[in-house]
> 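Below is one structure. I have some questions about it.
What you see is a predicted model; the values in this text were computed from it and never measured.
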Amino acid sequence: MSVADAATEDGRIGSRFRRLEDPPLLTGKGRYVDDILLPGLLHVAFVRSAHAHAAIKSVDTTAARGLRGVHAVLTLDDLAPVLAKRRMVREPGQGGKPRETMWPYALSAGEVAFVGETIALVAAENRYVAEDAAALVEIDYEILPPVTDCREAALPGARTVRRELNSNVIATYKVAYGDAEAAFRTAAHTFAENLWQHRGSAHPIEARGIVAQYEPANGGVTVWASTQKAHDLYQNLCAYLRIEETRLRVATPDESVGLSRVSAIQRAFLADSLPVCAR
């Protein structure tokens, strides 16, 4: 009996099933990251690059630190003492040595390579103050030529996305089956076409979010995050922040979407957790 026949026979296909998760979501009683309100909760806003490629000559946080309600303004240099590495390096799943230049820093390290790259973070008593303070951070940029065409970027001698790189090419490999060249050479007709694919991205109603709470009873940290990979986030936060596994708990409340966007370990997760985890 096939799987389909078995499913039909026991009534699973075409039948109504009571979904356990629906009532709270349909009645407005779902609990998302933004619904987690803790006493003394601080809100984080990021200072982001306005340029596609630039060197950061200096970051002046004086005005932002002086704004009432601001608790901290942090750059990568401020975070470095509690990080295992300044970069979010992960070990290759297939083994071998990781290429560190492939991985981002928790916050930018003297250079930004895309508009919106995070440079600093502001922790304040509410979101409004955090955003206002982020706008007061003054950054002295040295504008550099950006890389905007992936085809040109892959050519030998092409301008690199970041100055530390020798090439934009991460890896090269060849996939073939049979004698493809002979097949084209002897074919009655061959056709060539250039295909331009638009940029795809996930745009859920709920953006990335994370809440971290220090647990004074055991010196641990509890983290709530909008992620589909709680165990992956848990393991990486332990590694990046050098937290003992018994002192960290990661939980995922309700989520608005199930896409690959909420599966990756985002640099924002790490940077947002740091003010608490470094306590």
> Tell me every residue that passes salt bridge (Lys or Arg N to Asp or Glu O under 4.0 Å) with Arg163, counting only those two or more places apart in sequence or in another chain.
Glu111

> Is there a side-chain contact between Met102 and Ile170, using heavy atoms and a 4.5 Å cut-off?
yes

> With clusters defined by side-chain heavy atoms of hydrophobic residues (ILVMFWY) lying less than 4.5 Å apart, directly or transitively, does Val70 cluster with Leu136?
yes

> Are Phe46 and Val59 in one and the same hydrophobic cluster, where Ile, Leu, Val, Met, Phe, Trp and Tyr link if side-chain heavy atoms are under 4.5 Å apart?
no

> Ignoring hydrogens, what is the shortest heavy-atom contact between Trp196 and Arg151? Give both atom names and the distance.
CH2-NH2, 2.9 Å

> Got a second to check how far Phe184's CZ is from His189's NE2, nearest 0.5 Å?
14.5 Å

> Where do Gly69 and His71 come nearest, in terms of heavy atoms and distance?
O-CD2, 3.3 Å

> Look up atom CG in Asp254 and atom OG in Ser226, then write down how far apart they are to the nearest 0.5 Å.
12.0 Å

> A side-chain contact here means heavy atoms from C-beta on lying under 4.5 Å apart; do Asn218 and Arg247 qualify?
no

> Are more than 12 heavy atoms from other residues, nucleotides or ligands located less than 6.0 Å from atom CG of Asp179?
yes

> I'd like to check the salt bridge (Lys or Arg N to Asp or Glu O under 4.0 Å) partners of Asp60; sequence neighbours left out, ordered by chain and number.
none

> Between Asn168 and Val161, is there a donor-acceptor pair closer than 3.5 Å when you use the side chain of the first and the backbone of the second?
yes

> Hey, mind stepping through Ile36 and Arg31 against side chain to side chain contact (heavy atoms under 4.5 Å, CB included) and telling me if it holds?
CA-CA 7 Å; Ile36 300 174; Arg31 186 169 182 258; 3.8 Å; yes

> Flag the pair Ile56 / Ser108 as yes when at least one side-chain heavy-atom distance between them is below 4.5 Å, and no otherwise.
yes

> Please name the pair of heavy atoms, one in Pro24 and one in Leu20, separated by the smallest distance, quoted to 0.1 Å.
CD-O, 4.4 Å

> Would you check if Asp77 and Arg86 make a side-chain contact, meaning some heavy-atom pair closer than 4.5 Å?
yes

> Looking only at heavy atoms, which two atoms of Val129 and Ala124 are closest? And how far apart?
CG1-CB, 3.7 Å

> Would you say Val221 and Leu74 are hydrophobically clustered, going by side-chain heavy atoms of ILVMFWY under 4.5 Å?
yes

> Should Val122 and Ile119 be regarded as members of a common hydrophobic cluster, given that ILVMFWY residues are connected when their side-chain heavy atoms come within less than 4.5 Å of each other, either directly or indirectly?
yes

> At their closest point, which heavy atom of Tyr141 faces which heavy atom of Ala50, and how far apart are they?
OH-N, 3.8 Å

> Looking at Arg162 and Glu117, is any side-chain nitrogen of the basic one under 4.0 Å from a carboxylate oxygen of the acidic one?
no

> Answer whether the closest heavy-atom distance between the side chains of Tyr128 and His43 falls below 4.5 Å.
no

> One pair to check against side chain to side chain contact (heavy atoms under 4.5 Å, CB included): Glu142 and Leu144. What are the steps and the verdict?
CA-CA 6 Å; Glu142 177 188 342; Leu144 302 172; 4.0 Å; yes

> When rounded to the nearest 0.5 angstrom, what distance separates CZ in Arg48 from CD1 in Ile139?
11.5 Å

> Say you draw a straight line from CG of Leu67 to OG1 of Thr62; how long is it, rounded to the nearest 0.5 Å?
13.0 Å

> Do Leu83 and Leu76 have side chains that approach each other closer than 4.5 Å (heavy atoms only, starting at C-beta)?
yes

> What are the two closest non-hydrogen atoms of Asp78 and Val73, and how far apart are they?
OD2-O, 3.8 Å

> Within a 6.0 Å radius of atom CG on Asp34, are there more than 12 heavy atoms belonging to other residues, nucleotides or ligands?
no

> Please list, chain by chain and in numerical order, all residues satisfying salt bridge (Lys or Arg N to Asp or Glu O under 4.0 Å) with Glu21, sequence neighbours excluded.
Arg19

> Is there a donor-acceptor contact under 3.5 Å from the side chain of Arg87 to the main chain of Ala106?
no

> As a quick check of understanding, evaluate side chain to side chain contact (heavy atoms under 4.5 Å, CB included) for Val137 and Arg65, giving each step before the final call.
CA-CA 9 Å; Val137 175; Arg65 294 178 189 274; over 6 Å; no

> Are the side chain of Tyr234 and the backbone of Val223 linked by a donor-acceptor contact shorter than 3.5 Å?
no

> Are Trp224 and Ile210 co-members of a hydrophobic cluster defined by side-chain heavy atoms under 4.5 Å apart?
no

> Working note: Thr118 + Leu121, criterion side chain to side chain contact (heavy atoms under 4.5 Å, CB included); need CA distance, chi angles, decisive distance, verdict.
CA-CA 8 Å; Thr118 50; Leu121 68 83; over 6 Å; no

> Within this structure, what is the OG1-CZ distance for the pair Thr148 and Arg159, rounded to the nearest 0.5 Å?
8.0 Å

> Rounded to the nearest 0.5 Å, what separates atom OH in Tyr240 from atom NZ in Lys85?
10.0 Å

